[in-house]
Amino acid sequence: MQLFLDGIFLGSIYALFAIGFTLVFGILDRLNLAHAAVFTAGALVGIEIVTRLGVPIWLLIPMVLVFGAVLGILIERIAFRPLAGRHDAHFAGLISSIAFGAILLSLLQAMYGADTRRFPADIFTPTRVEILGATVSLLQVVILIISVSLMIVLTWLVAKSKLGRGMRTIAENPHAAAVLGLNVGRISSTTFALSSALGAVAGVLFTLNVNAASLGIGHAVELKALAVIVVGGMGSLPGALIGGLILGVAEVLAVNYIGSSWRDMVAFGLLFLILILRPQGLFGARKTREV
Amino acid sequence: MTRKLLSAAVCGSALLLAITGCSTATSTESTAGGGLTGSGTGADCTIDSPIPIAASFSLTGAAAQYGAGQKNALELAIEDLNKVGGVTYALTVEDDATDPKQAIQVFDTFIAAGASIIIGPTLSNTAKQTDPIAQDAQVPVLGVSNTAAGITEIGDYIFRDSLTEESVIPQTVKAAVDKLGVKKVVVMYSNDDAFTESGYQAFAAALKDQNVEVADTLTFSKSDTDFRALLNKAKQSDADAIVVSGLIDAAVPLVSQAREIGIDTPIIGGNGFNSPALLAGAGAAAEGVIVGAAWNSASDNDQNVKFIADYTAAYDAAPDQFSAQAYAGMQIIDDAVRSECSGEREDIKTGLGNVKDVPTVLGDVSLNENRDAVHDALVQIVQDGQFTILN
Amino acid sequence: MSDPILSVEGLQVNYGRVEAVRNVSFEVAAGSLVTLVGANGAGKTSVLNAVSGLLRARQGVIRFKGQDITKWPAHRLVKAGLVQVPEGREILGTLTVAENLSLGGWHRGSTLHKNVAGVYERFPVLFERRKLQAGALSGGEQQMLSIARALIAEPEILLLDEPSMGLAPLIVDEVFAVIEEIRLTGTTVVLVEQNARRALAAADFGYVLETGEITHSGPAHELLADEKVIEAYLGLD
Amino acid sequence: MLVEYNSLITLIALTAILAFSFYAVLIAGQLSLAQVGLASLAAFTSSLVVPAEPLFGFIPPLAVGIVFGMCVGIIAAFILGLPVIRLRGVFLAIATLAFGEMVRIFLINQSWTNGAQGMSFPKLVGIEIAWIALVVVAFWFWRLSGSRLGRAFAAIREDELAATSMGIDVARYRMASFVIAGAVAGLYGVLLTYFSRFADPNEFSFTAAVDGLVTAVVGGVTLFVGPVLGSVFLSVLPEVQRVLGVDAGWIRPTVSGVLLLVVILFLPGGLSGLIPRRKSAKRLIVDPAARPDLPDLPAPGTELVRLQSLGKSYGGVHAVRSVDLTVAAGEVLGLIGPNGAGKTTLVNMVTALTPPSTGSGSVLGVNLTDSTKAHRLAQAGVARTFQQIKLFNRLSALENVLVGGYRITHDTLLRRLFFLPSARRFEREAVAMASAQLIRVGLGDKAANAAGDLSYGDQRRLEIARALASHPSLLVLDEPAAGMNHVEAGRLSELIRSLAADGIAVLVIEHNVRMMLATCDRIMVLNFGEVIASGTPGEIARDPKVLEAYLGSSGSDADSDAAAVLAAEDLAEVTAESVRDHNRGHADAGPDGRSNESGATDVEDNR
């Protein structure tokens, strides 16, 4: 049971990152590799806010959400929008978002230095709870709850809200969306803003959970999150959650039964197998894209 | 058109080859002019020209957090030493961006620019690529943070003041066994980092020597931050202690999470754990962590007290072992320069070979015949939020 | 002609280095039905897309109700009452009919329900199929959906791009009947068609495009009667 | 004093070689991130075989290492390629990325590599060897770019479906580009480690792969010097900043990031886009003597296509049901019918783009089955055009037609590498053949224009020229007159007749009924997937069922002969008006291919 719960909690972190990631990937069909930098920025800026202003955690989350949203809009404006209409937009967006992420990280280093930073020890009292004979921390439970509720809220948002309808319209046919009077630019921006807001909050929660934030944390999770969104299903929000949990449990099982040195092999092996064993069409109706 | 381009490219590269081929012959001979030798010895030594000191650290990229502290400490050291008088140093610090390829270029630049000695680079694996270049060009190198095996074996120009894990860890393990009666341990280390892996090997050897049973060996990645799964597995082994070879990035979350899930046994760490960040980051969870280290922040050595005060004043952060070793490195170089009273490469090399009991922030340091540092290692235990000496 | 609701002056549109439209000027009087006819590739759609803000005009001025709208984005124009029924219908196949229709009312939150109800009344077949995925409709139904969707946006001027494309002649009749109805409600219509004969028969005024330029214009019935125009530029006989 | 840049210059060459490894896959339209994984496999395994002393006393150890490393790269790329080659785009990138990480984790866990502590290697590579290797690699890619293989890669990159229908075995060539990239990656791995004297598996990480990709993209993949330019730019950048006195630290990566962003956003073709694009290197060769000797076409009247009760259904919907059809050499067979009647599905089956669900068929002696590949049929002598024009938009008109000649031209890469005279002769032949086709369709003066820049009608003609360049026995034209005015359509009609006179069998779909009546020997009318009429143009024009299909009116009233005749007279008129309307107006939608998104073609829908 402990194993299983450990896996679930580990996976919920992956899922948290992946949900924001897959929102842009799945809906706008763009792979935003600056997402890892946003994750890091959310963590570091969150620490800064708490250290400077001493705000409590429940106030921090909305502040970081706003910060992440602003970053998302910048990413869309700077790294993606200028590429609109280019035949290699997918591919160029990959590179331009890498560049954007690199710039963001070096600016973060300029502001906060390269040292690992942490939240002040008293921001979230570690409480341990016994569930079904296993020990878990309250924070982990909170993160799991946040992941699940974000997934539900977002799924609802995409499926039912006007914004979500706009997103799906753009995903299916951006040209038709423009004809219908949808402000394609604004909806794209909003999607990026949502995605990055989630990414930034994920960074804060992640940092709270492991008590360490350095410039490299986003990078470490990024590859796993890629695995998660492929395993869970490209662009599917519930898939991102389930994929995250599967991966988390698989890794924990790998640690216990295969050997911890091969743990990361599990993530990539799983990713590789899924890609090979299931024709890419199964992940969605999306056609192949030119890269 | 393409044909022309190609022939241009071929000619261009041929030209390039010719030029570099020629210049190799005339290269690398000496440092600028002859103004680097002076008169007198030791404290009386006077050298007119400033001695060019070059340092290559990882200021950006994955190892930036170590490089930044090294640079700060080195600049502080140069400032302090230049105040003494007689000998002045001109420091150039370059960034290798945690990329060995960059470091190679940085070393080339330093060698060509006439640096008397090169300090660095930050990472051992980078050093294995850069130090041979300096060795070939007969430029002395002082590593201040390279702890992996095989660094000084690269050649007779390669020195280091950083204690290897082999020289620290056996003392740590011995102290833990003697004082705490540890009999059975779980070993954890990150297996994708040269430093921590060699630390692990030292631990494994030392544990064997002390007849300590290793119940389990677990590995993680240096970028990992969530260790709960591993720790839960470790917990099942019911060991007396957990031995960890990891960097400080891993140390803080690992220690915090171990306590969180209810592991109350001592945690024994290597050099990587020796950082004020452990106390600041893990807080109460750090209690009972045992760290074998080359440097103790709590040491009452005058130089060390002053160093910590100055560093904290200058950079608004407490120094860590990396900073201390960088500072000490410059003190050792100063000793070598003054003993020969020369800033020439050969003389510095000779001087470094004779370093014996030089007082530094690390304590009295000597360099042995293998050009490795010899000084007392300390075994510390965290008590009441402080590193205190165990042995 | 009274003050035109829409006027285009000296329009030029490029695709990369290719000039798709050169120096095109035309006017549309309020309440009229104006058609742009021409062969495939003549640049009709490019003109329409430039007007509706989907394409950037390289040169020229476009005015709608007296305002210079040349640089307005599409969504602003839709809000202002200039709505396009795109070529190829562009319905959203994975969305339901009802969802497609509500997308048409993107900028008409308050009147959306009324408008949808009105559209269902006019197109009962859409009401029947409102819960179906739009992709499952027949070609004619899809075209009706596309037009209905545009009507929900409350257009003052409706731009129709090849509404008869790919439809059987009987269905084409229905489409033209709907266009006639729309026009009777006072909505101005700009109709782009390859089916010149049908379009000219329905229109008040016509412009003939060939390779990106307007070569003929005049009252529709005159153009229709001008066999030379038809023969030389439309390839019909 | 260049000596201080000795390593820099060497590393420029090595980085460029890595970038060439990415270039090798990018030119075939693939994105692989496995390259550094392949490089590290090659590098570490080479340490197991590289001898300390020259082998047999004269083979230098490095040569052993290079050959071995390249072989490892090739084998590993091939094994990796087997499962992943059918993935596309981002999926391929992610799968190969996973492979690269798996290699890294594997090597770290091996004791013979010393894991993370890394291995030492003797220093065997210096500036000379690095640059010689780069020159060889660059030379190879330069010679590749104009060869038949290079053109095949470009065709796959631009449009796989069109490439297949040209007889290019897409799967095989994608694998070829993968394997070439593997060889270059292996070379890079070996050269790098024997230059830097030390390596640990972490050096070959995801970050390194991204760096390599960025180098290739910054340099651009339109010209073979791209990787070199990218490498120079990115390697020199830190050095320039150092010389300019930019502070070490965060500013440098910021500046580099900004510059990278600027290049990506404002130089779509990468740095090599700054080099003035060669005006299509080749001119037309009009000398008939230069054309190759071609095999004779089948004798007129030979039956080339025979379909028996061929049908296709998609999930219960019958697109085509039970069609019998024959086409003979020298004959023009027309297919007409309302939109959605199944015409395109039928020709897709004839060209093996769509496997039939029922019935049997044989085309040029090849049986149509589930496993019949379109490129096999194309190699047998079937060429086609598409309803949605599928040109290689970024290639010139002449280059498009040269790709079309794939079937009948010789592979020239090896000959080009050694500048053999036969390479020039073969190229002259190919160009002469292509020139003749371009001139035949009336595009002789537009040979150097990029296909995407041509007008709609010209694009249609270019597609026909490209199809003709393969010297086909059977030519399939899907709506060739769409977007043409009646004068142009008339010329097209003459062209089709003259092709038939040459002995080519032509199967043509067209909505311009008037033109069809004038052009075809026989016409088949399809409606709802069924043949409702078949016969000579005269018979078709009088068939009441045809009338019904087009007018959609109930047939009962048209029973009387008088009505039928009347209606038939109207037929051409009405159909010419109404039916032609569903040509999508490609040029109207813009030559950038936007209409590809808005209106999927039958072909795409069917696959």
Side-chain angles (χ1 to χ4, degrees), chain B residues 1-3 5-6 9-10 13-14 16-17 19-24 26-28 57 59-62 64 68 71 93-95 97 99-102 104-113 124-125 127-129 132-133 136 148-150 190-198 201 219 221-222, chain D residues 1-11 13-15 104-105 108-109 114-118 120 123 126-128 131-132 134-135 138-139 142 145-146 192 195-203 207-208 211 223-225 228 235 238-239 242-243 247-250 252-253 275-276 278-279 281:
Chain B
M1 187 68 191
T2 2
R3 182 173 297 247
L5 265 174
L6 185 88
V10 171
S13 42
L16 219 57
L17 292 178
I19 293 170
T20 46
C22 295
S23 51
T24 319
T26 62
S27 70
T28 64
F57 293 135
L59 302 179
T60 57
K71 175 173 181 265
V93 181
E94 269 302 340
D95 176 21
D99 176 3
K101 297 192 197 84
Q102 279 288 318
I104 289 173
Q105 289 168 40
V106 168
F107 264 58
D108 264 4
T109 313
F110 284 160
I111 291 165
S124 298
N125 278 0
K128 286 180 182 165
Q129 302 195 24
I133 299 172
D136 291 349
S190 65
N191 68 336
D192 54 354
D193 183 83
F195 166 74
T196 56
E197 198 181 15
S198 65
Q201 285 163 358
T219 61
S221 159
K222 61 183 167 184
Chain D
M1 280 296 283
L2 267 172
V3 63
E4 63 175 299
Y5 296 120
N6 212 322
S7 305
L8 176 66
I9 294 165
T10 314
L11 283 166
L14 296 179
T15 311
R104 187 177 67 83
I105 296 163
I108 278 188
N109 282 300
N114 284 335
Q117 306 218 54
S120 290
K123 182 168 175 85
I127 193 166
E128 296 86 355
W131 275 87
I132 290 167
L134 174 62
V135 167
F139 174 79
W142 171 45
S145 66
L192 179 72
F195 164 72
S196 68
R197 300 179 242 213
F198 175 83
D200 70 281
N202 286 325
E203 267 185 73
T207 321
D211 286 349
L223 207 57
F224 76 96
V225 292
V228 184
S235 306
E239 202 60 39
R242 194 176 299 151
V243 171
D247 269 348
W250 63 273
R252 288 189 192 161
I275 296 175
R278 59 209 161 110
K279 275 280 174 201

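Each chain gets a letter, A, B and so on, in the order its sequence line appears, and its residues count up from 1. Quick note: numbers below take in every heavy atom, side chains included, and nothing from hydrogens, waters or symmetry partners.
Within the model, atoms CD of B:Gln105 and OG of D:Ser235 stand 6.5 Å from one another, a figure rounded to the nearest 0.5 Å. Note that CD1 of B:Ile133 is 5.0 Å distant from CD1 of B:Ile104, once rounded to the nearest 0.5 Å.
At distances below 3.5 Å, at least one donor-acceptor pair connects side-chain atoms of B:Thr196 with backbone N or O atoms of B:Ser190.
In terms of heavy-atom proximity, B:Gln129 sits nearest to D:Phe198 at NE2-O, 3.2 Å. Shown here for D:Ile108 and D:Pro201, the closest heavy-atom pair between the two residues is CG1-CB, 3.6 Å.
In this structure, the portion of B:Asp193 lying under 4.5 Å from any heavy atom of chain D is its backbone and not its side chain. In this structure, the portion of B:Lys222 lying under 4.5 Å from any heavy atom of chain D is its side chain and not its backbone. With a threshold of 4.5 angstrom between heavy atoms, B:Thr109 approaches chain D through its backbone and through its side chain. At a 4.5 Å heavy-atom cutoff, the contact between D:Leu8 and chain B is made by backbone and side-chain atoms alike. Using a 4.5 Å cut-off between heavy atoms, D:Leu192 contacts chain B through its side chain alone, with no backbone atom that close. At a 4.5 Å heavy-atom cutoff, the contact between D:Asn114 and chain B is made by backbone atoms alone.
Residue with the most contacts toward chain D among B:Gly150, B:Ala148, B:Ser198: B:Ser198 (heavy-atom pairs, distance under 4.5 Å). Contact count versus chain B (heavy atoms, under 4.5 Å) is highest, among D:Arg104, D:Arg197, D:Lys123, for D:Arg197. Per-residue counts of heavy-atom pairs under 4.5 Å with chain D were compared for B:Asp99, B:Asn125, B:Val106; the largest is that of B:Asn125.
Scanning for side-chain hydrogen bond (donor to acceptor under 3.5 Å, both in side chains) contacts around B:Glu94 gives D:Arg242, D:Arg252, with sequence neighbours left out. Qualifying side-chain hydrogen bond (donor to acceptor under 3.5 Å, both in side chains) partners for B:Thr219, counting only residues two or more places apart in sequence or in other chains: A:Ser260.
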